[in-house]
**Student:** 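Below is the structure I would like to discuss, written out as structure tokens.
Bear in mind that the values here come from a model prediction, so they are computed numbers and not experimental data. Just so you know, residue 1 is the first one in the sequence shown, and it goes up from there. All heavy atoms count here, side chains included; hydrogens, waters and symmetry mates do not.
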Amino acid sequence: MTQEELLSIVGNFAIEGKAEEVCPLGNGLINTTYKVITADNGPVYVLQHVNTDIFPDPDMLMGNIVAVTDHIRAKLAADGITDIKRRCLKFVPTLDGKYYTTHQGQCWRIMEYITDCVSRTGVSPESAYIVGSTFGEFQAMLADIPASLGETIKDFHNMEFRLQQLREAVAADAVGRLAEVKWLVDELEARADEMCKGERLYREGKLPKRICHCDTKVDNILFDKEGNVLCVIDLDTVMPNFVFSDFGDFLRSAANTGAEDEADTSKVEFNMDIFRPFAEGYIKSAKSFLTPLEIENLPFAACLFPYMQTVRFLADYINGDTYYRIKYPEHNLVRSKAQFKLLQSAEAHLDEMKEFIAKQL
Ligand code: GN1
Ligand code: MG
């Protein structure tokens, strides 16, 4: 896309100042993000192309997001928080009052840029406690949102559905990659029943759904310089789900000693020094609304998310890389193996996690 085109898209939005330059920002695997600089050091914005192959209903998507951010902003104000602009995303309407614009059939939106923030690829044991308690508070803040939120991606964290997608990929073997990864498919199948426990408990009426963020990897969180969470970004997947999503997906990235796509899997381990303070902080602030069954299954959640991500990356590899943005041909396979290694390491710490959780009650 040319600067001219990008600037003309920006021109549809009610921003302050004159947009001068648009440059790439961030490293999301789904949407494409840019920073918008305005003249004379005016306000900075974030322009984002929304991938409508994956988020097919932009009206529902932006309706959810505006409801969530308005609700959080009101809560922060009621709590006397003063730097609200840095604590919650704020989307900018278009000149005709919508929250996205369409350009050549593609969907675009703009939000305010959050100043003085730090993005991290990991957290320290010291900041993990604070992050855990912030997530508990995030879920608590959304517990009484009056709007009923849509599922922006149907069955997004439904483990049974993700396994079904893997099985369909395996059956089709569209690009002939199955033989190479059959061993990993077998490893995943061996755990399939156990990993679908959440859906079973839900059907039995024992496990509730609550509003969750559903993509709490460390990249989707902005921190201040002290390691406090300023704000959770990437709100496209905020929807009703099991609390396991936010707890487990955060640990999937934060408690990994390696990168999500680490090629040398000996570098990938599940880090209990992050798990402990994170779980402690989370339980402390979420105890008031979590049920005993939810708390008891937090170690399960720490395994579920590396498992689910292995299933998703592997299905995409078998399908010929149709979903996640890749940087090289084997990328999804490398990601799958790294996530599987993380799963194995989390499994090895399961008893230790359970003991620790039991002590928090
Ligand atoms: C995607 O958009 P991004 O990169 O923050 C994905 C998540 C995965 C994550 C893996 C809509 O998130 O579910 O966990 O990649 N988002 C969607 O890094 O599929
Ligand atoms: Mg992201």
Side-chain angles (χ1 to χ4, degrees), residues 1-2 23-34 48-56 104-107 119 121-122 153 155-157 159 161-192 195 214-215 217-220 234 236-237 249 252-270 304-346:
M1 265 225 154
T2 63
C23 46
L25 179 73
N27 54 0
L29 303 185
I30 308 290
N31 297 326
T32 312
T33 309
Y34 304 85
Q48 200 166 43
H49 170 242
V50 178
N51 185 334
T52 42
D53 289 340
I54 291 170
F55 297 103
Q104 296 178 344
Q106 302 295 311
C107 173
S119 13
T121 48
I153 301 181
D155 292 322
F156 186 55
H157 277 173
M159 196 58 246
F161 171 71
R162 294 299 179 186
L163 272 165
Q164 183 195 324
Q165 285 185 315
L166 175 66
R167 287 170 186 152
E168 283 165 11
V170 165
D173 190 17
V175 292
R177 287 175 168 175
L178 179 61
E180 177 193 14
V181 299
K182 181 72 177 44
W183 66 273
L184 186 48
V185 174
D186 293 344
E187 289 279 3
L188 295 172
E189 283 294 356
R191 294 161 171 85
M195 290 298 169
C214 295
D215 194 9
K217 64 178 180 184
V218 181
D219 308 45
N220 287 336
D234 237 347
D236 300 321
T237 53
D249 217 14
R252 185 180 71 78
S253 50
N256 184 351
T257 55
E260 179 179 76
D261 60 351
E262 179 56 64
D264 176 0
T265 55
S266 72
K267 292 187 183 152
V268 174
E269 294 288 347
F270 187 81
L304 177 63
F305 278 81
Y307 177 81
M308 190 184 300
Q309 200 60 57
T310 313
V311 168
R312 294 177 63 194
F313 281 146
L314 188 63
D316 198 32
Y317 183 69
I318 298 173
N319 284 333
D321 312 310
T322 59
Y323 189 89
Y324 292 108
R325 187 174 296 140
I326 53 167
K327 294 196 174 130
Y328 53 92
E330 305 278 292
H331 203 167
N332 274 319
L333 179 58
V334 168
R335 286 168 173 156
S336 308
K337 289 181 183 164
Q339 292 296 299
F340 180 61
K341 171 65 195 297
L342 182 65
L343 167 66
Q344 289 176 303
S345 176

**Student:** Between Thr32 and His49 (side chain of the first, backbone of the second, donor and acceptor by atom type, cut-off under 3.5 Å), is there such a pair?
**Tutor:** no
**Student:** To the closest 0.5 Å, what do you measure between OG1 (Thr310) and CD (Glu187)?
**Tutor:**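 Those atoms lie 10.5 Å apart.
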**Student:** For Ser336 and Val181, run side chain to side chain contact (heavy atoms under 4.5 Å, CB included): C-alpha distance rounded to whole Å, both residues' side-chain angles, the deciding distance at 0.1 Å, then the answer.
**Tutor:** CA-CA 10 Å; Ser336 308; Val181 299; over 6 Å; no
**Student:** With Asn332, which of Thr322, Asp261, Asp321, Asn319 fulfils side-chain contact (heavy atoms from CB on, under 4.5 Å)?
**Tutor:**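 Looking at Thr322, Asp261, Asp321, Asn319, the match for Asn332 under the side-chain contact (heavy atoms from CB on, under 4.5 Å) is Asp321.
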**Student:** Check for a donor-acceptor pair, side chain of Ser345 on one end and backbone N or O of Glu269 on the other, with a separation under 3.5 Å.
**Tutor:** no
**Student:** Would His157 and Phe305 count as a ring-ring contact (aromatic ring centres under 6.0 Å, His included) here? Give the steps.
**Tutor:** CA-CA 9 Å; His157 277 173; Phe305 278 81; 4.8 Å; yes
**Student:** Would you say the side chain of Val50 lies within less than 4.5 Å of the side chain of Asp236, judging by non-hydrogen atoms?
**Tutor:**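 No, too far: nothing below the 4.5 Å cut-off.
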**Student:** Tell me, with the steps shown, if Tyr317 and Glu330 meet side chain to side chain contact (heavy atoms under 4.5 Å, CB included).
**Tutor:** CA-CA 8 Å; Tyr317 183 69; Glu330 305 278 292; 3.2 Å; yes
**Student:** Mind checking the CD-CD spacing from Gln309 to Glu260? Nearest 0.5 Å is all I need.
**Tutor:**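 So the gap between those two atoms works out to 5.5 Å.
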**Student:** Measuring from Leu343:CG to Arg252:CZ, what's the distance to the nearest 0.5 Å?
**Tutor:** 12.0 Å
**Student:** Under a 4.5 Å cut-off applied to non-hydrogen side-chain atoms, are Glu189 and Arg167 in contact?
**Tutor:**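 Yes, at least one pair of side-chain atoms sits under 4.5 Å.
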**Student:** Answer yes or no: is there a donor N or O on one side and an acceptor on the other, between the side chain of Thr257 and the main chain of Lys267, under 3.5 Å?
**Tutor:** yes
**Student:** Any heavy-atom pair between the side chains of Asp219 and Thr121 that's under 4.5 Å?
**Tutor:**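 No, side chains not in contact.
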**Student:** Measure from the side-chain N and O atoms of Tyr307 to the backbone N and O of Leu188, and report whether any donor-acceptor pair falls under 3.5 Å.
**Tutor:** yes
**Student:** For residues Val268 and Lys337, determine if any side-chain heavy atom of one lies less than 4.5 Å from a side-chain heavy atom of the other.
**Tutor:**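 They are not in side-chain contact.
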**Student:** Should Phe55 and Thr237 count as side-chain neighbours, where that means a heavy-atom distance under 4.5 Å?
**Tutor:**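 Phe55 vs Thr237: side chains touch.
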**Student:** Looking at every non-hydrogen atom in both residues, tell me the closest pair between Met195 and Met159 and how far apart they are.
**Tutor:** O-CG, 3.4 Å
**Student:** Do Gln165 and Arg162 get their side chains close enough for a donor-acceptor pair, meaning under 3.5 Å?
**Tutor:**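 Looking only at side-chain atoms, Arg162 and Gln165 do form a donor-acceptor pair, the distance falling under 3.5 Å.
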**Student:** Using a 4.5 Å cut-off on heavy atoms from C-beta on, say whether the side chain of Ile30 contacts that of Tyr323.
**Tutor:** yes
**Student:** Counting only N and O atoms by type, is there a donor-acceptor contact under 3.5 Å from the side chain of Asp173 to the main-chain atoms of Leu178?
**Tutor:** yes
**Student:** Considering only heavy atoms from C-beta outward, does the side chain of Tyr324 approach that of Arg312 to under 4.5 Å?
**Tutor:** yes
**Student:** For Lys217, is there any backbone N or O sitting under 3.5 Å from a side-chain donor or acceptor partner on Asp249?
**Tutor:** no
**Student:** Taking C-beta and beyond as the side chain, do Leu29 and Arg335 meet within less than 4.5 Å on heavy atoms?
**Tutor:**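 In contact.
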